[in-house]
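Structure first, commentary second.
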Amino acid sequence: MFLNKKNSIYLILTFSIFLGYFLNENSSGGGKIDAEILFPYINNFALDFKKGFSIFANNPATIIHSPIFYIFVSFFLKINNSLIFINLIYILISSTLPYIFYLILKKKYNFNHDYLFYISLIIFFSPYFRSSGIWLLGDNLSLIFFSLSIFYYVKTLNNQAKIRNYFLCLLFLILCCYIRYYYSVFVIFYF
């Protein structure tokens, strides 16, 4: 049977984020504000890339953000022109983070996999995670890439040290850093 207890709980928690989107949930308190500040940049990139980049680069408040995520979203906004659709897809993408975390736990610890799965579901209750998914902020995507990087790092520690795992570890860290560059310090740890 496809929908066992674990899958059902995972789907219910994913649905709770969709519900939070339609109810304009702002559990972290800052997600809505960040979205209101950053959406004009997405719109500017969608309308005119050069002008959008110039506006983004000339605002000192945006220096803590990499423009890559907003350029990426603006690309899909140009294609689809529906922010609701993009938001719903992003919520689906965000909902993979707890599963990736479960894979890391499973690879790292020789423990009851059911317990590890339920521990990974705690992420769904994080206000930061929920707000990032609901308000289309780049944090969840960077965390997904960072988690995939950790997953391949753990694989190298478990005597699966193939060149491919090293490469994927660094590739996902690089992708993560393109969205949130403060993760770049982990390259020191990896080496």
Side-chain angles (χ1 to χ4, degrees), residues 1-18 20 27-28 31 64-73 75-76 86-191:
M1 185 168 134
F2 175 72
L3 281 179
N4 60 26
K5 182 179 178 183
K6 291 192 307 188
N7 290 341
S8 298
I9 293 171
Y10 195 90
L11 287 174
I12 288 168
L13 291 172
T14 300
F15 176 75
S16 76
I17 299 176
F18 283 105
S27 53
S28 71
I64 62 168
H65 294 279
S66 165
I68 300 297
F69 180 75
Y70 307 106
I71 292 168
F72 186 68
V73 173
F75 172 75
F76 287 104
I86 295 169
N87 240 327
L88 297 177
I89 295 297
Y90 188 64
I91 289 171
L92 275 176
I93 292 169
S94 293
S95 69
T96 64
L97 182 61
Y99 182 72
I100 295 168
F101 184 59
Y102 163 68
L103 293 177
I104 293 168
L105 292 175
K106 192 169 98 170
K107 191 62 84 175
K108 179 75 177 156
Y109 300 105
N110 189 14
F111 195 66
N112 184 323
H113 291 187
D114 288 340
Y115 291 144
L116 295 177
F117 180 79
Y118 294 126
I119 288 169
S120 73
L121 296 180
I122 292 171
I123 293 174
F124 278 110
F125 298 101
S126 164
Y128 182 77
F129 168 77
R130 295 180 67 82
S131 290
S132 179
I134 291 168
W135 294 102
L136 198 60
L137 303 174
D139 303 304
N140 283 355
L141 190 59
S142 64
L143 282 172
I144 287 170
F145 287 141
F146 183 64
S147 296
L148 288 169
S149 175
I150 291 172
F151 175 74
Y152 285 104
Y153 177 75
V154 170
K155 280 183 90 168
T156 63
L157 294 178
N158 290 344
N159 296 324
Q160 296 176 337
K162 296 179 181 175
I163 276 291
R164 183 180 84 110
N165 291 336
Y166 287 119
F167 173 76
L168 290 171
C169 172
L170 290 176
L171 174 70
F172 285 118
L173 182 63
I174 290 167
L175 291 172
C176 169
C177 293
Y178 273 120
I179 298 169
R180 291 285 184 262
Y181 49 78
Y182 44 78
Y183 287 104
S184 61
V185 296
F186 283 93
V187 77
I188 297 166
F189 173 76
Y190 284 164
F191 283 117

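For this chain, numbers begin at 1 and follow the sequence in order.
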Nearest heavy atoms of C176 and F146, plus distance in Å: SG-CB, 3.6 Å

Aromatic plane relationship, F145 with F172 - under 30° parallel, 30 to 60° tilted, over 60° perpendicular: parallel

Side chain proximity check, I93 to N140, heavy atoms < 4.5 angstrom: no

Donor-acceptor contact below 3.5 Å, side chain R180 vs main chain S66: no

H113 side chain reached by Y102 side chain, heavy atoms, under 4.5 Å: yes

Nearest-0.5 Å distance that lies between atom CG in L103 and atom CG in L148: 8.5 Å

Rounded distance [0.5 Å steps], CZ in F125 versus OG in S27: 12.0 Å

Side-chain donor/acceptor of S131 to backbone N/O of S28, under 3.5 Å: yes

Stepwise side chain to side chain contact (heavy atoms under 4.5 Å, CB included) check, Y90 with S132: CA-CA 9 Å; Y90 188 64; S132 179; 4.0 Å; yes

Approximate separation, where rounding is to 0.5 Å, of I144 CD1 and L97 CG: 5.5 Å

Minimum heavy-atom distance I91-G133, with the two atoms named: CG1-O, 3.4 Å

Mutual orientation of the aromatic rings belonging to Y99 and Y10 [parallel < 30°, tilted 30-60°, perpendicular > 60°]: perpendicular

Plane angle bin for F189 and F186 - parallel if under 30°, tilted between 30 and 60°, otherwise perpendicular: perpendicular

Main-chain N/O of I123 paired with S126 side-chain donor or acceptor, under 3.5 Å: no

Residue pair K106 / S120, side-chain heavy-atom distance below 4.5 Å: no

From L88 atom CG to L136 atom CG, the distance as rounded to the nearest 0.5 Å: 10.5 Å

Distance-minimising heavy-atom pair for F124 and P98: CE1-CG, 3.5 Å

Sub-4.5 Å side-chain heavy-atom contact between Y152 and T156: no

Ring geometry between F72 and F76 (parallel below 30°, tilted from 30 to 60°, perpendicular above 60°): perpendicular

Intermediate values then yes/no, side chain to side chain contact (heavy atoms under 4.5 Å, CB included), Y118 and K6: CA-CA 8 Å; Y118 294 126; K6 291 192 307 188; 3.5 Å; yes

OH (Y109) with more than 12 external heavy atoms under 6.0 Å: no

More than 12 heavy atoms from other groups under 6.0 Å of OH on Y190: yes

Interatomic spacing from CD1 in I9 to OG1 in T14 - rounded to 0.5 Å: 11.5 Å

Within 6.0 Å of CG in N110, more than 12 heavy atoms from elsewhere: no

Stepwise side chain to side chain contact (heavy atoms under 4.5 Å, CB included) test for L168 and L171: CA-CA 5 Å; L168 290 171; L171 174 70; 4.2 Å; yes

Min side-chain heavy-atom separation L173-C177 under 4.5 Å: yes

Neighbour count >12 (heavy atoms, 6.0 Å) for atom CZ, F15: no

Heavy-atom side-chain proximity of I89 to I86 below 4.5 angstrom: no

Heavy-atom pair with the smallest gap, counting every atom of N87 and I134: OD1-O, 3.2 Å

S147 and F101, any side-chain heavy atoms less than 4.5 Å apart: no

Pair S149-Y183, side-chain donor/acceptor within less than 3.5 Å: no

Sub-4.5 Å side-chain heavy-atom contact between F111 and L105: no

Between NZ on residue K107 and OH on residue Y153, distance to nearest 0.5 Å: 15.5 Å

Evaluation steps, side chain to side chain contact (heavy atoms under 4.5 Å, CB included), between F69 and L137: CA-CA 8 Å; F69 180 75; L137 303 174; 5.6 Å; no

